[in-house]
Chemist: 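This structure is in structure tokens; I'll ask about it shortly.
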Amino acid sequence: MSIKAAYELAKERYAELGIDTDKAIAETEQIPLSIHCWQGDDVRGFENPEGELSGGIQTTGNYPGRARSIDELRADFNKMASLTPGKKKRISLHAIYLDSPTKVERNEIEPKHFASWVDWAKQYGYGIDFNPTCFSHPKSASGFTLSDADKGVRDFWIEHCIACRKIGEYFGKELNDRCIQNIWIPDGFKDIPVDRFAARARLKDSLDKVMAVEIDKRYDVESVESKLFGIGAESCTIGSHEFYLGYAVANNMLLTLDSGHFHPTEVISDKISSVLTFLPEMLLHVSRPVRWDSDHVVIFDDELRAIASEIIRNGFEDRVFIGLDYFDASINRIAAWTIGTRSMQKALLYAKLEPTAELKKFEFEGDYTSRLTMLETLKSMPFGAVWDMYCEKSGVPVGAAVLKEVKEYEKNVTSKRA
Ligand code: RNT
Ligand code: ZN
């Protein structure tokens, strides 16, 4: 049966529940998605592509074909984008993805080092988000950056973050857009500390200095990302959830929730509504933790659907910025990028295809029987036919056709990278 014929039947079935599938597709494609650049090259960047990834995060696997240059990374990103529906794609860059023929210290990076990214983003209609890179560097070797006991180290990272804010403002001005700047630091103790308070006081002081610089909020805003623990920082993470929730509320900043940064049975889908009770906006780092913050490729699982539902049911599309953050080097990286990005799109579309008002009414009236019945019924609706139509309309491969494209690109492009 053709995609169109299957869709027409699905459309009828959903209409019986009062759901307009055309509208769901039209709304889903307008939701911005901030896609991380670092799936393409295992978080290496171009400052020192041979350097080791440090800071308690790890990629595993050595599938051939990693992007080794800016041109390769851009080509790969474009390939992924051509396989993914959605009209508002953004690239989330890290500071180490600068374009400079000579070495530039991180506290000396400037907008000019990112000018070619702006040209490229303009050409393809992408937005740009940004991240200071406070890891994989000799000055983070102690395991600390903005909260380091050494003032010299702190000052270096303060300067780096300020430089990044200026670059974010530059992106925003150039693209007539707002850059979301995510600050994550690896700082933490491997073993039980005796003075957590001092380290957190230092972090607060450093952040205050970073944020004291006047930056036009129309073009760049900051978000702070908490974490539970990292490899080598198991006993205490300075930028914990409580720390940053407090910091964001006190300073009217955004807060970033990463799916992998909480205890294993905690889920970020449950936290969005709490955060947005007190903050106007927030950022998500959608990832898939398997037993730890393993950054597996995002798939269409229960938690991804729950995250999407929280956003859609509450109409939070303008308050929750959806960013992706995972990195798998054990499979074809273009496939990894594409699967995760498509999964996010799929979950948003799935969330759009429910009779939310009716479900909320059941709940309000205490009719949990009807709520559960309806939620379970939705799972066997012909969602696949609507998803396929969304892909078809967007001009991206439907279903397994994605694999063919990925394999072809592998054959012609990535497998040729020695
Ligand atoms: C690390 C954080 C952070 C990084 C990226 C590369 O645990 O999740 O967001 O993954 O900045
Ligand atoms: Zn993250």
Side-chain angles (χ1 to χ4, degrees), residues 33-47 49 51-60 67 73 90-98 106 128-137 140 143-146 157 160-161 164 168 179-188 222-234 236-241 243-244 248 254-264 266-268 271 282-298 303-304 307 320-329 333 336-337 340 344:
L33 205 53
S34 183
I35 307 168
H36 57 318
C37 72
W38 50 92
Q39 167 58 55
D41 74 334
D42 314 341
V43 210
R44 284 166 194 259
F46 304 112
E47 177 193 73
E52 289 279 299
L53 178 61
S54 73
I57 55 177
Q58 271 179 14
T59 45
T60 51
L73 188 73
R90 310 176 63 78
I91 184 166
S92 179
L93 290 175
H94 245 285
I96 49 172
Y97 288 76
L98 79 174
R106 288 210 198 152
I128 304 183
D129 295 313
F130 204 50
N131 303 258
T133 311
C134 303
F135 52 84
S136 303
H137 190 276
S140 63
F144 291 85
T145 62
L146 290 176
W157 293 111
H160 173 60
C161 290
C164 288
C179 170
I180 312 286
Q181 176 107 230
N182 180 60
I183 302 176
W184 173 74
I185 58 166
D187 301 31
E222 273 65 39
S223 188
V224 280
E225 180 181 9
S226 70
K227 189 162 174 170
L228 178 64
F229 82 97
I231 299 288
E234 288 84 357
C236 168
T237 290
I238 312 307
S240 60
H241 180 52
F243 180 92
Y244 280 132
L254 279 73
L255 180 77
T256 305
L257 297 182
D258 182 309
S259 319
H261 289 191
F262 295 87
H263 285 277
E266 263 185 289
V267 281
I268 64 167
K271 300 178 190 295
M282 65 183 299
L283 174 66
L284 296 181
H285 264 189
V286 179
S287 191
R288 178 165 56 105
V290 179
R291 306 192 191 281
W292 71 292
D293 183 25
S294 59
D295 289 302
H296 276 64
V297 177
V298 168
E303 171 59 0
L304 188 69
I307 290 169
V320 178
F321 302 107
I322 308 173
L324 301 175
D325 180 15
Y326 57 86
F327 26 98
D328 190 336
R333 292 173 186 77
W337 234 344
M344 190 69 240

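As the structure lists them, so they are numbered: ligands from 1, and atoms in each ligand from 1.
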Chemist: Which of the atoms in ligand 1, numbered in the order shown and given with their element, are less than 4.0 Å from a heavy-atom of Ile57?
Modeler: 1 (C), 7 (O)
Chemist: Find, among atoms of Glu225 that are N, O or S, the one nearest to the Zn ion (ligand 2), and state its name.
Modeler: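 The closest N, O or S atom of Glu225 to the Zn ion (ligand 2) is OE2.
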Chemist: May I have the step-by-step check of side-chain contact (heavy atoms from CB on, under 4.5 Å) for Phe135 and Ile57, ending in yes or no?
Modeler: CA-CA 9 Å; Phe135 52 84; Ile57 55 177; 4.2 Å; yes
Chemist: Stepwise, does the side-chain contact (heavy atoms from CB on, under 4.5 Å) test hold for Asp41 with Tyr97?
Modeler: CA-CA 10 Å; Asp41 74 334; Tyr97 288 76; 2.5 Å; yes
Chemist: Less than 3.5 Å between some nitrogen or oxygen of His285 and one of ligand 1, yes or no?
Modeler: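 Yes.
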Chemist: So which protein heavy atom does atom 5 (C) of ligand 1 come closest to, and at what separation?
Modeler: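 Going by distance alone, atom 5 (C) of ligand 1 is nearest to His94 NE2, 3.6 Å.
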Chemist: Looking only at protein heavy atoms, identify the closest one to atom 7 (O) of ligand 1 and say how far it is in Å.
Modeler: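 Minimum-distance protein heavy atom for atom 7 (O) of ligand 1 reads Lys227 NZ, 2.7 Å.
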Chemist: How far apart are the closest heavy atoms of Ser54 and Ser140, and which atoms are they?
Modeler: OG-OG, 4.3 Å
Chemist: Which atom name does His285 have for its N/O/S atom nearest to the Zn ion (ligand 2)?
Modeler: ND1
Chemist: At under 4.0 Å between heavy atoms, is it the side chain or the backbone of Thr256 that contacts ligand 1, or both, or neither?
Modeler: neither
Chemist: Please give me the minimum heavy-atom distance between Ile180 and Leu254, naming the atom from each residue.
Modeler: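 Nearest pair, atom of Ile180 first, then Leu254: CG2-CD2, 4.2 Å.
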Chemist: Any atom of ligand 1 sitting under 4.0 Å from a heavy atom of His261?
Modeler: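 Yes; His261 lies near enough to ligand 1 that a heavy-atom distance drops under 4.0 Å.
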Chemist: Do any nitrogen or oxygen atoms of Glu225 come within less than 3.5 Å of a nitrogen or oxygen of ligand 1?
Modeler: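 Such a contact does occur with ligand 1.
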Chemist: Per the salt bridge (charged side-chain N to carboxylate O under 4.0 Å, His left out) rule, which among Asp293, Asp325, Asp258 passes with Lys227?
Modeler: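 Going through Asp293, Asp325, Asp258 one by one, the salt bridge (charged side-chain N to carboxylate O under 4.0 Å, His left out) with Lys227 is satisfied by Asp293 alone.
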Chemist: What's the shortest distance from atom 4 (C) of ligand 1 to any protein heavy atom, and which residue and atom give it?
Modeler: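 Going by distance alone, atom 4 (C) of ligand 1 is nearest to Asp325 OD2, 3.6 Å.
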Chemist: Looking only at heavy atoms, which two atoms of Pro186 and Ala233 are closest? And how far apart?
Modeler: O-CB, 4.4 Å
Chemist: Strictly distance-based, threshold 3.5 Å: is any side-chain N or O of Glu225 a donor or acceptor partner for the main-chain N or O of Asn182?
Modeler: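 Judged by distance alone, no pair lies under 3.5 Å.
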Chemist: Pull out every atom of ligand 1 sitting under 4.0 Å from any heavy atom of Asp258, numbered as shown with elements.
Modeler: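 Those of ligand 1 that fall under 4.0 Å from Asp258 are 8 (O).
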Chemist: The Zn ion (ligand 2) is nearest to which N, O or S atom of Asp325?
Modeler: OD2
Chemist: Among Ile238, Val224, Thr145, exactly one meets side chain to side chain contact (heavy atoms under 4.5 Å, CB included) together with Ile185. Which residue is that?
Modeler: Thr145
Chemist: If you check every N/O/S atom of Asp258, which is the one nearest the Zn ion (ligand 2)?
Modeler: OD2
Chemist: Could you check whether His94 and Thr133, counting side-chain N and O atoms only, form a donor-acceptor pair closer than 3.5 Å?
Modeler: yes
Chemist: In ligand 1, which numbered atoms sit nearer than 4.0 Å to a non-hydrogen atom of Asp293?
Modeler: 7 (O)
